[in-house]
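The model shown is predicted, which means the values in this text are computed figures rather than measured ones.
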Amino acid sequence: MIFYNTNPISPPQKWLWTPLLVQCFALSSVVAFYSPLSTTHINANNHVFGSALRSSATSTEIDDTKDDKNLDDKQLEFCKAYLNEHHATDVLLPFTRAFSELGSISVKKNAWMGGSYSILGAEVTDITSDALHLEATVQEGQTTKTQNVVISLDSDPVKSMARTYPTLPPIDPLKLERASKVPIDNFCRRMIRLCNIVKAYEATGKMIQMGVQLGGKGVGKLHDDMYLNQVPHNRYVRQYFYEMAAEAALEATILCSNKQFTNRMKITALFPEMNPSMDSYRIGTLLELSRAMAIRLAEQNLRVRVCVQGSMGVGIFTGVPKQLNGVSTLLQRMDWESEPGEPNEGMVGDYINFGFVGKDHVVDFKKGEGDIRDTQQDDVFIIICPQNMVGLESSIYGPLSEMVDAAGDRPVILLNPDLTDKVSAQGQQSVRGRQQRLDFSDSFETIYQFQNIYFSGTSYFPILGSVVKLGPLEPWVAHQRRDLVDNGGEVYLPIYSSETVPESEVIMTTLSK
């Protein structure tokens, strides 16, 4: 059994991707640098906070002048050679059976001919922007022949193979258009869906590697030499996570302003210094991450309210979760560089404000009268570690749901939430209203996640790898941590990818190979 958790990085000079697909054939100039998620500017809209983004989001635009959706010649030759040499049996052959009429013919004929019709193999002859072109070898009785097959990259299994290979939902076109706009990333992501349908799980990690190595924008790429076992973490490691989380929050906010994404979002960052179940937990890292997110949004002329849940409970059992003890006070006392003459002069108190969890802390626009200034509305809410507590009247569901409702369509970002029920008196967090609480928790969509993988829930070392989602439109990717020989460092190797949260059994299967 495996458990998730988290992991960081090291100085910039080490952030170079190591070529991984050397089994096929060498391809010059394919080593790619990782760069944080860029964000396309959203056009003007009628969203309540959208106008604040229009003048400032241009700095996050994607510079993409290429209209060609096909792979270039080097990428095409590499992909064909690699798939034919290394994935003929685990990918191409199942593809032919699942997504082409040859699979249907095989089922029908074998029902009468006792297995004398078989698909022996398949080879890629061409790759276009929308399809794989294969040459399949078929044996019928004593006769062997080849047949050309075209498989759409958005295929569903043919009817006769639907039970053997249950289909998966198509990839959201928005994700392909923005997060996978580079042709090689687009191809690899659609191949990953097909690989998951035919249960070629190990090949999904290879598709991520191939996209990075062949000049993609670094989908699923993590920096090397993070050394997360070393606590306290290097400052570069912390800054790496701060940047990724802040970029993901900004991108999701821009998408939400164009009504292309839900306003209910969550970020899960559980590398060792952010994991409260480990003795390496550092409250300063949580506060610095919250600050980085708030400042990144405020730089886009958005007014951000950073909230921490207040005291809950009844009588002598009133209190706050241990993880949040003192956070509200520390948050306001930490250095925001907002004093006169500092980089963020005047930001706190104007664009960044603080509050607690509850509908009373949602500020709407109110026009001032006379000498009284207008009250500006909050545009984005960041709620730090909302969680239930053991005891009566200790459920965060009530105040949090009221706050989300009061926010309307404005983004609400939960940072490291724990909305699972806790033991309580009078069954308050057991049976009554449980489904409603589960539905509320599930309504928040992950826009960024980093968790480490460990052997068990009681031993947090060694770190086996990580499970990440590096942006609101990015795929989920599981990595295996590997040490280089002669203490040459460590790398995080993509081993599995999907559009949904990876299952533990699948991760264990890919880790063991």
Novice: Main chain of Thr204, side chain of Ser497: is a donor-acceptor contact present, judged purely on distance under 3.5 Å?
Specialist: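 Looks like no, no N/O pair under 3.5 Å.
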Novice: Does the side chain of Pro475 reach to within under 4.5 Å of the side chain of Ile192, using non-hydrogen atoms?
Specialist: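 With C-beta onward as the side chain, the pair stays apart.
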Novice: Quick one: does Val231's side chain get under 4.5 Å of Arg282's, heavy atoms only?
Specialist: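 The answer is no; the side chains never approach within 4.5 Å.
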Novice: Any side-chain donor-acceptor pair under 3.5 Å between Arg190 and Asn186?
Specialist: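 Yes, a side-chain donor-acceptor pair sits under 3.5 Å.
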Novice: I need the minimum non-hydrogen distance between Leu331 and Met334, along with the two atoms involved.
Specialist: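 That closest heavy-atom pairing would be O-CG, 3.3 Å.
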Novice: Can you name the residues that form a ring-ring contact (aromatic ring centres under 6.0 Å, His included) with Phe444, not counting sequence neighbours?
Specialist: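 With neighbours one apart ignored, the set is Phe440.
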Novice: Quick one: which residue pairs count as a ring pair (Phe, Tyr, Trp, His ring centres under 6.0 Å) with a foot in residues 180-213, not counting sequence neighbours?
Specialist: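 Sorted result for residues 180-213: Tyr201-Tyr496.
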Novice: Would Lys175 and Glu474 satisfy salt bridge (charged side-chain N to carboxylate O under 4.0 Å, His left out), going step by step from the backbone distance to the final call?
Specialist: CA-CA 7 Å; Lys175 295 180 179 179; Glu474 297 293 302; over 6 Å; no
Novice: Enumerate donor-acceptor pairs with a distance under 3.5 Å from any side-chain N or O in residues 343-352 to protein atoms, sequence neighbours excluded.
Specialist:
| unit_1 | atom_1 | unit_2 | atom_2 | d |
| --- | --- | --- | --- | --- |
| Asn344 | ND2 | Trp336 | O | 3.1 |
| Glu345 | OE1 | Gly341 | N | 3.1 |
| Asp350 | OD1 | Arg303 | NH2 | 3.0 |

Novice: Heavy-atom distance under 4.5 Å between the side chains of Trp476 and Glu499, does that happen here?
Specialist: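 They are not in contact (no side-chain heavy atoms under 4.5 Å apart), so the answer is no.
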Novice: Which one of Val357, Asn388, Ile384 satisfies the side-chain contact (heavy atoms from CB on, under 4.5 Å) criterion with Gln309?
Specialist: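 In the set Val357, Asn388, Ile384, the residue that makes a side-chain contact (heavy atoms from CB on, under 4.5 Å) with Gln309 is Val357.
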Novice: Keeping to residues at least two apart or across chains, list the ring pair (Phe, Tyr, Trp, His ring centres under 6.0 Å) pairs with something in residues 272-305.
Specialist: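 Of all non-adjacent pairs touching residues 272-305, none passes ring pair (Phe, Tyr, Trp, His ring centres under 6.0 Å).
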Novice: Answer yes or no: is there a donor N or O on one side and an acceptor on the other, between the side chain of Asp378 and the main chain of Val362, under 3.5 Å?
Specialist: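 No: the side chain of Asp378 does not pair with the backbone of Val362.
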Novice: For the backbone of Leu168 and the side chain of Arg193, can you confirm whether one donor and one acceptor N or O come within less than 3.5 Å of each other?
Specialist: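 Side chain of Arg193 to backbone of Leu168, a donor-acceptor pair under 3.5 Å: yes, one is there.
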Novice: Going by distance alone, is a donor N or O of one side chain under 3.5 Å from an acceptor N or O of the other, for Gln435 and Arg437?
Specialist: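 Short answer, no.
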Novice: According to side-chain hydrogen bond (donor to acceptor under 3.5 Å, both in side chains), who are the partners of Thr509, at least two apart in sequence or on a separate chain?
Specialist: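 With neighbours one apart ignored, the set is empty.
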Novice: As a quick check of understanding, evaluate side-chain contact (heavy atoms from CB on, under 4.5 Å) for Arg296 and Glu247, giving each step before the final call.
Specialist: CA-CA 8 Å; Arg296 181 63 57 86; Glu247 282 296 323; 2.3 Å; yes
Novice: Return yes if some donor-acceptor pair links the side-chain N/O of Gln260 with the main-chain N/O of Leu174 below 3.5 Å, else return no.
Specialist: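 Flag not set: sc Gln260 to bb Leu174 has no pair under 3.5 Å.
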Novice: Could you check Asp483 against Arg481 for salt bridge (charged side-chain N to carboxylate O under 4.0 Å, His left out), going step by step and ending with a plain yes or no?
Specialist: CA-CA 7 Å; Asp483 293 315; Arg481 188 190 70 84; 2.7 Å; yes
Novice: When you compare the side chain of Glu288 with that of Arg238, does any pair of heavy atoms fall below 4.5 Å?
Specialist: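 A side-chain contact under 4.5 Å exists here.
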Novice: Pairing donors with acceptors under 3.5 angstrom, does anything connect the side chains of Asn234 and Gln230?
Specialist: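 Per modelled atom types, Asn234 and Gln230 side chains form no pair under 3.5 Å.
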Novice: So, using side-chain hydrogen bond (donor to acceptor under 3.5 Å, both in side chains) as the criterion, who are the partners of Gln239 when residues are at least two apart?
Specialist: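 Expected list: Glu243.
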